[in-house]
Amino acid sequence: MTRETRSGGPTATHCPYCSLQCGMVLTPGRGGRTLTVAAREDHPVSEGGLCRKGWTAAGLHGHRERLTTPLVRDRATGDLRAVDWDEALDLVAERLRAVQAAHGPDGVAVFGGGGLTNEKAYQLGKLARVALGTSQVDYNGRWCMSSAASASNRAFGIDRGLPFPLADVEHADVVVLVGSNLVETMPPAARHLDRCRANGGTVVVIDPRRTATAERADVHLQPVPGTDLPLALGVLHAVDAAGGVDAAYVAERTVGWEDSRASASAWWPERVERVSGVPADEVRALASLLAGAGSAVVLTARGAEQHAQGTATVLAWIDVALALGLPGRPHSGYGCLTGQGNGQGGREHGQKADQLPGYRMIDDPAARDHVAAVWGVDAASLPGPGRSAYELLDALGTPGGPRAMLVHGSNIVVSAPNAAHVTDRLAALDLLVVCDLVMSETAALADVVLPVTQWSEESGTTTNLEGRVLLRQRAVAPPAGVRSDLEVMAGLAERLGAPGTWSTDPAEVFDELGRASAGGRADYAGISHARIAESDGGVFWPCPDADHPGTPRLFADAFAHPDGRARFVAVDHLGPAEPVDEAFPVHLTTGRVLAQYQSGAQTRRVRELPDTGPYVEMHPMLADRIGAYDGEPVVVTTRRGELKAPARLTTAIRPDTVFVPFHWVGANRLTSDALDPASRMPAFKVCAAAVRA
Ligand code: SF4
């Protein structure tokens, strides 16, 4: 079943979780009470592969914790009570109007998610700008790959996570993964690395932990967390010193090389060794490997990006790729491995504080005119840019900050940095409305909880990490009492007297999204649900019209800047936002585990997936120093909070670093809210901590 079509009872669709968007077939049984998952054998993305999260994705079908009726908090008792949909939506609309009457349009905030389909992300941005007139809209994708996005926009003039199909890496001579644990986060994608090695290629992993991905690589560099930037500068320095710069490419296809060269000249490998802990010989060896390769791919992920210097770190690795002449060449280039299921599409169509659909900027007058015409409103009525995700949450309930918030597709209490503080801000709101499938930690705090459909019960598109637009198709009817997010938004828009049309049909909303994106950087105008359904594995954007074949590979002839050239951007290493010191002497880093996904609101409820709770991974030398034992509790403390969890001893981590998975309440009570100045990405991946037995 290669096409995105239904075949009788079974429905061809995609996994609800990560950005690989593996193809799967859902088959309802026993009158719709059961739902069986099968892999789509010849889907080009996953080739019959699924990880254990995908295989068990139907675990929430018919789950006893599924929400099936709207709930409203009783002001007298403080308890949530069941109400019907009209009462819930009437109440939400009335209270939103009251907040805006007292505090202005920006008194209401909207918070979305990188797991929402393109249709929902688009409609959420429109709801904020047209129905509510608020600038206060952002989403949790800001915490995912926004540093890579801002770096790609600066360097290439466009941000598409991978500007080539992932399978291209199989034919590269060298693949460098910076801060990616692909083998555990998206296991079916690891076959591309294995095939690269089988073809004679070399896989290099840069990670403070010897992860499962590092175990499968040829070379593992193990820097101190937060030092991928000086490491990149050292590699660039060594490439230049060895005469490895592709001078013809640099002259013909780029601008800015001399500034980046000057910046890298200050980072000779021995200096890099002192800062990053990576031996100078290993820095030189990587530079020599890259300079001698006929083709090479550099890929970054959250380990490199979730820092207060995240954008600069990605820019430094892009500078390495440009100096080697990689972007736009066959089986070569730079790419970002996006995390969330629709992390790519979710950042293109308007739920981000500074953007309108099609990756247009909200402060661009021409962009405002175009989108306002599609929405049937006056461009002057659209608000300007709002606060980024963390800044928005930090402002909740403060003087001049939002007093009410709608949340779709995000479990902020678990996933926000400095989470205890964010939870306090949520509690300060006059009104918190959460749409979710289950009573997540954030929904449990809400004044109104609205039960919405999950992936198998609705249709919609996602854009995977390759920029491939895919169609998820409805396989089963939702439980009685459950509505789609599009229905919730239409119901609110109607009650708020919003102008324009508010379809609840995902195919119609997608067509409108296509018109709104037309002519933008992420142009979907030539894509439709029907076209994806007839395709062999989706359609790559940009795709400006129905006759256009889509664009699997970017940059072969030109970059997206007006002069067609890529930009070197000179950066320097400023050090971590929160250096270790006597009181907090170890580095804390966080990440994912194979069996859980993001905040765990879904996967922690799937019976077949192990729910271990948080743990603290540490080196035996560190454990010895503090008197900790494997499996026994330790306490991790940062300037923001503390977490008690069992120790897991492993030599796979640096002795100066501890790792805590972030799928449970706790890890993000420790993490730092220092923000990258360009992307506003929080420094999730490193802060200073103390550990005691
Ligand atoms: Fe594939 Fe990711 Fe789903 Fe696993 S979680 S099955 S890798 S899409």
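Both ligands and their constituent atoms are indexed starting at 1 by order of listing. In what follows, residues are counted from 1 in the order of the sequence shown.
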Start with the C-alpha distance between Glu617 and Arg648, add both sets of side-chain angles, then the distance that settles salt bridge (charged side-chain N to carboxylate O under 4.0 Å, His left out), and finish with yes or no.
CA-CA 5 Å; Glu617 198 176 285; Arg648 274 199 193 175; 6.0 Å; no
Protein-derived N, O or S atoms lying under 2.8 Å from atom 3 (Fe) of ligand 1, waters excluded:
1
Parallel, tilted or perpendicular: rings of Phe659 and Tyr615 (30°, 60°):
tilted
Between Tyr139 and Phe111, is the ring-ring contact (aromatic ring centres under 6.0 Å, His included) condition met? List the steps.
CA-CA 5 Å; Tyr139 79 125; Phe111 201 91; 8.0 Å; no
Can you pull out every ring pair (Phe, Tyr, Trp, His ring centres under 6.0 Å) where at least one residue sits in residues 183-218? Sequence neighbours excluded, please.
none
Sub-3.5 Å donor-acceptor pair from the side chain of Ser295 to the main-chain atoms of Asp173, do we have one?
yes
Establish, from distance only, whether the side-chain atoms of Thr13 and Gln473 form a donor-acceptor pair under 3.5 Å.
no
